[in-house]
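Below is one structure; the comments refer to it alone.
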2 protein chains.
Amino acid sequence: MNLIKKSLHDHNSCRQKVMEAAKLYCEEKNLKLTPVREAVLNMLLNEHQALGAYEILEGLRISGFSAQPPVAYRALNFLKDIGFVHKIEQLNSYIACYHPDTTHSPVFLICQSCNDITEKSIDRHEDEFNLLANETGFEITNLVLEAKGTCQACLASA
Amino acid sequence: MNLIKKSLHDHNSCRQKVMEAAKLYCEEKNLKLTPVREAVLNMLLNEHQALGAYEILEGLRISGFSAQPPVAYRALNFLKDIGFVHKIEQLNSYIACYHPDTTHSPVFLICQSCNDITEKSIDRHEDEFNLLANETGFEITNLVLEAKGTCQACLASA
DNA sequence: TCATTAATGTTATAACATAACATGTTGGCA
DNA sequence: TGCCAACATGTTATGTTATAACATTAATGA
């Protein structure tokens, strides 16, 4: 697994920072980061990896929340809409965003060997996709950019 | 719908061209384009849009093939592996590729209004994603590049 | 011909996701 | 305060997408 990578940053403080940012964002926009929503975001921040909706659901059950599928999906969709969670389409799973903002599009590098997911980002409005879309007059509302493959660590240890 | 777009090219000949290419490819690689596989590719080429696996399955049933889910999924995965079909991850559906080759990565523009899907392509090895992956030593085996939004025609008629 | 591999058939079930409606909670305003 | 409206949650049921596992059949080639 990706022990090296994970030790490279202070996970605890990064987690708290994002949670604070989410709270602030919701306050500003008059949205509610309710207990369920906060629990889901917290779980994803803790895991620091992609989780399926039913794993989230199991976590909610353990924490004493109602645990029918819609509960998890509603929270995930809320967090996705405000940009603090992304869906990894190729894995049907969800991951916390550690640098939410509106000027970048997330790019995910998914390692098939260690399951680690790295989030990169590219400039919105200047990237190839937007250029390509602009050429044909297509207006983008959502970009999914995902690469599956093998990460450096796994390549090295192979 | 996208009547204009569709009339812009000779759909029939393009369909046949791709089918020929698939046959040739399989011959060269010693792979078998069996009746089920050909039927699936043909269905996708005819529709000229993304179909769900269970729609494919229904088509197979009508054509007299066995119609349990694995039959459709196996054929789709075979065609995907050889690059003649792509999966649209955001729609959980499958679409024929009209210009299969190994030097480009497909990019899909998915119109939420008319459901039309446009396949574009970008240069492999020179695009931003590969550059981004290279920086970190990540080796890509599969790229998913999909944009959801509104196409020019729909924007104009809105 | 017979062993091997590839493909297909078939049953069952896993995994992912939402519709629809009931109930509770919150905040504003008459 | 009492009521309404909007939002959030609870709950049941079901829809949709996908695969595991094993049996059977077809093609290939020593």
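Just so it is clear, the structure is predicted and the values come from calculations on it, not from any experiment. Note on naming: letters A, B, ... go to the chains in the order of the sequence lines (proteins, then strands), and numbering restarts at 1 for each one. Values below: every heavy atom of this structure, side chains too, minus hydrogens, waters and symmetry copies.
Summarising the hydrophobic clusters (Ile, Leu, Val, Met, Phe, Trp, Tyr; side-chain heavy atoms under 4.5 Å, direct or chained), the residues clustered with B:Leu155 are none. Grouping Ile, Leu, Val, Met, Phe, Trp and Tyr by side-chain contacts under 4.5 Å, direct or through others, leaves A:Leu131 on its own. Summarising the hydrophobic clusters (Ile, Leu, Val, Met, Phe, Trp, Tyr; side-chain heavy atoms under 4.5 Å, direct or chained), the residues clustered with B:Ile62 are none. Other members of the cluster containing A:Ile122 are A:Val107, A:Leu109, A:Phe129, A:Leu132, A:Phe138, A:Ile140, A:Leu143, A:Leu145, B:Val107, B:Leu109, B:Ile122, B:Phe129, B:Leu132, B:Phe138, B:Ile140, B:Leu143, B:Leu145, with ILVMFWY side chains joined at under 4.5 Å, either directly or via other members.
Taking a 4.0 Å limit (strictly below) on heavy-atom distances, residues 62-74 of chain B reaches DNA chain C at B:Ser66, B:Gln68, B:Pro70, B:Val71, B:Arg74. For the contact set between residues 22-41 of chain A and DNA chain C, defined by any heavy atom under 4.0 Å, there are no members. Shown for residues 75-90 of chain B: no residue has heavy atoms falling under 4.0 angstrom of DNA chain C.
Among residues at least two apart or in separate chains, ring pair (Phe, Tyr, Trp, His ring centres under 6.0 Å) pairs with a member in residues 14-37 of chain B are B:Tyr25-B:Phe84. For residues 53-80 of chain B, there are no ring pair (Phe, Tyr, Trp, His ring centres under 6.0 Å) pairs, not counting sequence neighbours. Residues in residues 51-77 of chain B take part in these salt bridge (charged side-chain N to carboxylate O under 4.0 Å, His left out) pairs, two or more places apart or across chains: B:Glu58-B:Arg61.
Between A:Glu38 and A:Lys23 there is a salt bridge, since a side-chain N of the basic residue sits under 4.0 Å from a carboxylate O of the acidic one.
For B:His86 and B:Tyr94, the ring centers are positioned 6.0 Å apart or more.
Using a 4.0 Å cutoff to heavy atoms of chain A, the contacted part of DNA chain C runs 5' to 3' from C:dC16 to C:dA20.
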Can you give me every donor-acceptor pair (side chain of residues 146-153 of chain A, partner residue at least two apart or in another chain, under 3.5 Å) with its distance?
{"unit_1": "A:Glu146", "atom_1": "OE1", "unit_2": "A:Gln90", "atom_2": "N", "d": "3.0"}
{"unit_1": "A:Glu146", "atom_1": "OE1", "unit_2": "A:Gln90", "atom_2": "NE2", "d": "3.3"}
{"unit_1": "A:Glu146", "atom_1": "OE2", "unit_2": "A:Glu89", "atom_2": "N", "d": "2.6"}

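Between A:Val85 and A:Ile95, every side-chain heavy-atom pair lies at or beyond the 4.5 Å cut-off.
A:Val40 and A:Leu31 end up in the same hydrophobic cluster when Ile, Leu, Val, Met, Phe, Trp and Tyr side chains are linked at under 4.5 Å.
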